[in-house]
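Below is one structure; the comments refer to it alone.
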Amino acid sequence: MSENTILGGPPNRATDATDEPETEPTPDPADLPGDAETAVHRSRLYSLLSLGFDRPGEDFEAARDEDAYAADLHASAAAIDPEIAAAAAAVTDALEGIDGDELHHQWAALFGVEEGVTVSPYELTYLPGPLMTNVRRLADIRGFYEAFDLSLADEGTDRGDHVCYLTEFLSALCLREASLRERGDDEGVAIVVDARRSFLEDHLGRWYWRLADEVGSHDDGTFYAALAELLAALVEHEIETLDLDPDWVPDDPEVTEWNEDVFGDAGRGCGGCGANVGDLG
Amino acid sequence: MPTVDNWQLGREMEYPYEGARPDDQWAGVFDLNKCIECQTCTLACKTTWTHGEGQEHMFWNNVETKPYGSHPVGWDKRTLEDLDPGDWEDGTYEGDTIFEANGTDWDDPENNPQESQQAAGELAGFFPGTDDWRYPNLGEDEIAGDSMESITHFDEETHPVWFFYLPRICNHCTYAACAGSCPVPAIYKREEDGIVLIDEDSCQAFQQCNEACPYKKAIFNPAESKSQKCIGCYTKTEQGKAPQCFENCLGKIRLHGYINPPEEADESDPMAEPTNPLDFVVHQKELAKPLYPQFGLEPNVYYVPPITAPTDYLSQMFGPGVEDAIATYRAMRNGDEPALKGLFKLMGSTEWSITAFEIDGDEAVGYYEGDEVGRVPITEPTAERDRYDEDEDVYRLDIT
Ligand code: SF4
Ligand code: SF4
């Protein structure tokens with residue numbers, strides 16, 4: 001504000017202008033933890049997780065041929081961290097001796113529309129607040145994909161916040177990181193690592209643990225419970241190495257501290273008009 | 001005592017800061033006769049600006065049914081009750097504004113908003129609680145006046161059974177109470193276009209503006225612990241484009257432009273040369289009126305009153321001159337005000353703000369800073385067909 005009138009500009013504009021650096025600083029390699037080899041393994045692990053969470057079909061069967069899925073999972077997990085390796089071992093143990101039909105049955109019971117999607121694989125389900133305020137999260141996710149010239153396949157029928165897409169995107173980022181590291185392109189590495197940081201902090205890092213809890217509570221000891229635990233172990237490791245602090249979603253999805261007051265029980269309604277969905281039925 | 005000139009009140013008025021006008025003043029005209037309460041404006045705004053966590057209750061643009069609707073609950077009635085009724089005498093408001101109602105001496109350094117940190121308490125009005133934000137559709141489509149039967153019919157110009165829709169946004173007030181009450185101060189009015197903004201990095205959640213704004217358009221975001229408000233879509237207006245709620249208005253009731261105070265108003269004749277449309281409608285024709293001018297903020301959204309609602313209610317809401325405005329609107333509809341008719345046809349015909357317009361033969365032309373941005377026929381061409389079509393051997397229900 002100007003002297004004694006309300007006219008003017010933001011109070012901190014003047015100081016900001018002098019504080020702000022003119023150009024982007026060159027990235028310090030110390031801020032970019034990792035190396036090309038682990039990046040490749042991380043990429044493969046995310047990709048195997050994505051494949052595992054998808055509706056089991058021919059792709060997964062092909063990957064299981066000659067135990068390739070288990071072998072790759074072991075190798076990549078072991079290359080990253082012993083705890084992740086232990087989680088991967090539980091996955092392959094659970095997979096042993098299960099045929100395609102049985103696997104499909106387990107998957108459908110958890111994530112399939114056949115049984116009403118017992119456990120949601122979608123990020124939006126776990127976020128606080130009504131749907132109306134959450135749709136923009138979808139746009140944010142698509143924005144990440146588009147920024148790296150990726151898009152959902154035309155024939156894909158799933159929403160962009162499905163855990164398969166999120167993990168596949170992280171896999172693509174890690175693969176790019178590996179190739180940029182090989183080329184010694186620090187600036188490029190900074191960009192992809194930064195994107196992975198933001199994506200984990202704003203998206204998967206907020207709710208991966210809820211997915212693991214949900215799957216675990218419905219399906220203890222099977223392949224999918226172990227797979228969700230492996231995802232949790234990997235994301236936790238990421239949070240630690242990248243020094244992230246994601247804002248965890250509430251463990252009770254019903255209401256949150258800020259919409260409870262405003263919308264009461266309607267906290268999970270669409271949010272368009274404040275009507276209580278429960279009362280409408 | 002610092003006094004400022006409020007032309008809407010026809011007098012000087014008390015205000016915590018000295019008066020100063022921006023180079024240009026962002027402004028809008030809303031024709032209430034055309035609003036159908038489709039809420040497209042509300043959603044255009046919400047999906048652009050207030051779709052985040054902590055903004056669930058926030059409608060920078062809302063549309064409420066009058067007289068029974070209000071969001072937040074009772075925003076206008078409660079402030080009017082706190083502000084004793086005041087009379088208008090020859091265009092001058094003789095009652096107190098919200099800044100004057102408590103007799104606060106704004107010259108006293110102790111009352112300086114940055115000093116006292118509780119200036120909102122010195123203003124007439126109330127702090128809207130969380131319950132007040134719960135019912136954005138309260139009173140929707142509820143009728144006032146007589147009761148209504150299925151066979152009720154009336155021909156009177158002022159309808160005995162009535163309601164109308166009132167779309168509301170921040171008025172980017174000349175004497176903003178939000179900015180005038182902020183202790184930091186984190187709220188300021190831009191010199192270039194008069195848009196009132198909250199600097200979110202500076203906001204310290206004093207929540208004075210939430211109470212001080214009588215229109216309740218500075219709203220608290222509990223997730224961010226900051227107050228937020230309409231930004232006038234300055235990202236668009238800086239490019240010459242009208243704000244989202246204007247551009248998307250389905251009823252084409254809105255016109256975006258810039259207004260001058262009366263002594264600097266454009267007096268040219270749009271039948272002869274390009275003329276500022278805001279100055280033309282508000283100052284020359286006195287057809288569009290500010291919302292509750294008696295609050296004293298010199299709000300900058302101007303409403304064409306609904307011609308079928310009772311004028312005593314409208315006068316309380318829009319100040320003096322409502323009857324004349326209604327007569328002018330009827331004259332326009334009867335073809336006696338060709339320049340106005342042309343301008344009202346331009347509304348909603350372009351995504352641009354309109355800084356000037358003129359009548360060119362049987363067309364109305366809109367300009368943004370000299371460039372033509374809209375051209376519409378004043379009377380839309382219509383063709384009439386025979387009711388009975390011999391070739392097809394059919395009768396038409398619709399012949400125009
Ligand atoms: S979009 Fe226009 S017609 Fe629809 S409610 Fe808003 S102001 Fe009224
Ligand atoms: S309408 Fe309210 S929020 Fe907008 S400028 Fe006026 S006082 Fe501030």
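Order of the sequence lines fixes the chain letters, A, B, ..., with proteins taken first and strands second; residue numbering starts at 1 for each chain. Because the structure is predicted, anything quoted here is derived from the model rather than measured.
The 12-atom threshold is exceeded at OH of A:Tyr145, counting heavy atoms of other residues, nucleotides or ligands nearer than 6.0 Å. By the neighbour-count criterion of 12 heavy atoms within 6.0 Å, atom CZ of A:Arg142 is sparsely surrounded, having that number or fewer from other residues, nucleotides or ligands.
One finds the CD atom of B:Glu53 at 7.0 Å from the CG atom of A:Asp247 (value rounded to the nearest 0.5 Å). Between atom CZ of residue A:Arg137 and atom NE2 of residue B:His51 there is a gap of 9.5 Å, rounded to the nearest 0.5 Å.
Among all heavy-atom pairs drawn from B:Thr174 and A:Ile6, the shortest one is O-CD1, 3.7 Å.
Shown here are the side chain to side chain donor-acceptor pair (under 3.5 Å) partners of B:Thr65, two or more places apart in sequence or in another chain: there are none.
When side chains are defined from C-beta on, A:Leu7 counts as touching B:Pro22, because their heavy atoms get closer than 4.5 Å.
Screening residues 227-239 of chain A for salt bridge (charged side-chain N to carboxylate O under 4.0 Å, His left out), with sequence neighbours left out, gives A:Arg42-A:Glu238, A:Arg196-A:Glu238.
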